[in-house]
There are 2 protein chains.
Amino acid sequence: MIPHEQFRMTPSRRAILDGISGAACHPTADEVYEMVRRALPRVSLGTVYRNLELLTRHGLIRTLADGRGQRHYDAVLEDHCHVRCEACGRVDDVRVTSPGQLVDAVEDGGGYDIHGYRLSFTGLCPDCASERERSAPGRQLEGGDDESQGNED
Amino acid sequence: MIPHEQFRMTPSRRAILDGISGAACHPTADEVYEMVRRALPRVSLGTVYRNLELLTRHGLIRTLADGRGQRHYDAVLEDHCHVRCEACGRVDDVRVTSPGQLVDAVEDGGGYDIHGYRLSFTGLCPDCASERERSAPGRQLEGGDDESQGNED
DNA sequence: ATAACTGCAAAACGTTTGCGTGTAT
DNA sequence: ATACACGCAAACGTTTTGCAGTTAT
């Protein structure tokens, strides 16, 4: 969060901001690109990335480097928690009880100067869960390959 | 976690496993590569990546896609929490009170089928904290540009 | 004989950057 | 006039993949 440095709220930045705010779940850079292009067909992906970074630096959005692959972007600035679908990678919000006490729960930080926390859950989003149920009802299908544990954090 | 599929504990895999277990903090792929090469100078980076993925799939290690940039690898399989240094990217363990209750704390998962959690903290590791103190004692230096909040999760 | 494993180099992926031009102040 | 912003295309760092040769079973 860089306090002293001015920048213009240009059409592309407005569109990026609106796109992220209006999205159903937290979009990736190229999903933002798609959304912005519907309003401004000539924007480039480079500009989208440049502005996602700038908006993050100025505290107007948050960048979630949550999982594997792409980052996700979030227009909600308050501290909150996320779920990431293990199957499709989609990221949504979760509400948890008393998340503010999480930092206090640290018993041994090994000398780290702790600034914040990040709590995210993994699981299956409604769509992927029902799709999985359709293709393997009750798990009666051919063995193995469960992977539900998710060793990739 | 794929249960039924055999694989050989080859020298390179053994070395990767040992390297991760013996490392001071959770290493990245090329740190693992470095370590393995000390024992087996002819291994390729491709093999290291292939085997990190295989060992993860078989539940022998965990892949931490924690932050920006590189992934980190962890030989401790039990659920536990991490800290990532905002300055150098290093990842270590933290102990927190009753982490097992975290999943129970979810009030509204929005229809997700939640399998696990990932709690990590951000902050400054001892080295970076003391370096920062040396270069800006008490923060009396030139203004602005703190960034300590860290909008990049 | 077969399946698993490897080194090597090329490709893929998501992201960043340099440059020349355009636009707001 | 100046600083900021952009499109475009090239470059980047990390990870994955295809292929041809090697090794264990």
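In what follows, chains are A, B, ... by sequence order, proteins preceding strands, each numbered from 1. Not measured: the values here are computed from a predicted model.
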Please determine whether a side-chain nitrogen or oxygen atom of A:Thr47 lies at a distance below 4.0 Å from atom OP1 or OP2 of D:dA5.
no
Rounded to whole Å, please give me the gap between CG in A:Leu45 and P in C:dG18.
17 Å
Choosing from D:dG7, D:dT16, C:dC5, which nucleotide comes nearest the side chain of B:Phe7?
C:dC5
Just checking B:Asn51: base, sugar-phosphate only, or nothing, at a heavy-atom cut-off of under 4.0 Å?
sugar-phosphate
All heavy atoms of B:Phe7 vs all of B:Leu55, minimum pair found to be CE1-CD2, 4.5 Å
Minimal heavy-atom distance between B:His72 and B:His26, with the atoms involved, is ND1-O, 2.8 Å
Among C:dG7, D:dC8, C:dC5, which nucleotide has an atom closest to any side-chain atom of A:Arg50?
D:dC8
A:Gln70 to A:Thr28 - nearest heavy-atom pair and separation:
NE2-OG1, 3.7 Å
Check this one for me: any side-chain N or O of B:Arg13 less than 4.0 Å away from OP1 or OP2 of C:dT6?
yes
C:dG22 C1' sits how many Å from A:Arg8 CZ, rounded?
11 Å
Would you mind reading off the distance between B:Arg37 atom CZ and C:dC8 atom C1', rounded to a whole angstrom?
13 Å
Quick one: which of C:dC8, C:dT23, C:dT15 gets closest to the side chain of B:Arg42?
C:dC8
Heavy atoms only: give me the nearest B:Asp74-B:Asp93 pair and the separation to one decimal.
OD2-OD1, 4.4 Å
Which residue lies toward the 5' end of DNA chain C, B:Ser12 or B:Gly46, if each is placed at its nearest nucleotide?
B:Ser12
Base, sugar-phosphate, or nothing: which does A:Thr28 touch, judged by heavy atoms less than 4.0 Å apart?
nothing
For C:dT15 and A:Tyr49 - does any side-chain N or O of the residue sit under 4.0 Å from the phosphate oxygens OP1/OP2?
yes
Using whole Å, what does the distance between atom P of nucleotide D:dA24 and atom CD of B:Gln6 come to?
17 Å
Write down the distance between CG (A:Leu52) and P (C:dT16), rounded to a whole number of angstrom.
9 Å
Can you check the B:Met9 CE to D:dT25 P distance for me, whole Å?
13 Å
Take atom CG of B:Asp30 and atom C1' of D:dT16, then tell me their distance rounded to the nearest Å.
15 Å
Can you tell me how far apart CZ (A:Arg62) and CG (A:Leu52) are? Round to the nearest 0.5 Å.
15.0 Å
Under 4.0 Å: is that the gap between some side-chain N or O of B:Thr10 and OP1 or OP2 of C:dA4?
no
Rounding to a whole Å, what distance do you find between B:Tyr33:OH and D:dT15:P?
14 Å
